[in-house]
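A short write-up of the structure that comes next.
Nothing fancy with the numbering, it's 1 onward along the sequence.
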Amino acid sequence: MDNIFMKRVYEPYEEMDGCRILVDRLWPRGISKEAAKLSYWFKDLAPSNDLRKWFCHKPELFEEFRDRYLDELRTDEQKREYISEIIEMAARGPVTLLYGAKDPVHNHALVLMEELERLVEVDLK
């Protein structure tokens, strides 16, 4: 997992970001496509609309949100394909997952990173 990073899409672009992938379902407010400097937008990798609306970024719901989103990541075929793509890209160079949430502790990108770390660890065994 040395090649997969995470940061808010509002943080400045850096050359070391490598492949920049937006992992939000909705386009982040107030940022242009030029400023985002995206390589890809994997919006279907984000939590489902129902889950996103249910969570509504409430920290007290985060643990249940985490469990539900992990279930989506592990059972949704399209999400699994995106995860495989990210792991393959990271094998070739740096990948930065971009998200728009203000809360750096209670957001879906952290859960996605957790799942990516788990899968890479499983592959290494």
Stepwise side chain to side chain contact (heavy atoms under 4.5 Å, CB included) check, L70 with E114: CA-CA 9 Å; L70 282 172; E114 176 186 337; 3.8 Å; yes

Mind listing the side-chain donor-acceptor pairs of residues 54-61 below 3.5 Å, one per line with the distance, residues two or more places apart or on another chain?
none

Please tell me if the side chains of I86 and I4 come closer than 4.5 Å, counting only heavy atoms from C-beta onward. yes

Check whether any side-chain heavy atom of D44 sits under 4.5 Å from a side-chain heavy atom of D76, and report yes or no. no

Straight-line distance of L45 CG to R80 CZ, nearest 0.5 Å: 12.5 Å

Hey, does S48 have a side-chain heavy atom less than 4.5 Å from the side chain of E72? yes

Do I21 and L98 have side chains that get closer than 4.5 Å, going by heavy atoms? no

Which atom names give the shortest non-hydrogen contact between D17 and P12, and what distance separates them? OD2-O, 4.3 Å

According to side chain to side chain donor-acceptor pair (under 3.5 Å), does anything in residues 93-105 pair up with another residue at least two apart or in another chain? List the pairs. D103-H106

Quick check for you: to the nearest 0.5 Å, what is the distance between L119 atom CG and E117 atom CD? 10.5 Å

Output yes when R68 and E64 qualify as a salt bridge under the 4.0 Å nitrogen-oxygen rule, no when they do not. yes

Only counting residues at least two apart or in another chain, list the ones meeting side chain to side chain contact (heavy atoms under 4.5 Å, CB included) with N49. R25, R52

Between V9 and Y13, is there a shared hydrophobic cluster once you connect ILVMFWY residues whose side-chain heavy atoms come closer than 4.5 Å? no

Do any side-chain atoms of residues 31-43 form donor-acceptor pairs under 3.5 angstrom with protein atoms, and if so which ones, sequence neighbours left out?
residue	atom	partner	partner atom	Å
S32	OG	A35	N	3.0
S39	OG	R20	N	3.0
W41	NE1	D24	O	2.7

Is the shortest side-chain heavy-atom distance between L22 and W27 below 4.5 Å? yes

Closest heavy-atom pair and its distance - H108, V23: NE2-O, 2.8 Å

Sidechain-backbone polar pair: D71 side chain, R74 backbone, donor-acceptor under 3.5 Å: no

Is the ring pair Y69/F65 parallel, tilted or perpendicular, if the boundaries are 30 and 60 degrees? parallel

Salt bridge (Lys or Arg N to Asp or Glu O under 4.0 Å) against R8, all qualifying residues, sequence neighbours excluded: none

With a 4.5 Å cut-off on side-chain heavy atoms, are R66 and E63 touching? yes

List the residues meeting side-chain hydrogen bond (donor to acceptor under 3.5 Å, both in side chains) with K79, not counting sequence neighbours, and say none if there are none. none

Once rounded to the nearest 0.5 Å, what's the spacing between atom CD1 of I83 and atom CZ of R118? 8.5 Å

Residues N3 and A90: closest non-hydrogen pair is ND2-O, 2.8 Å

Decide yes or no for Y10 and R29: does some side-chain heavy atom of the first lie under 4.5 Å from some side-chain heavy atom of the second? yes

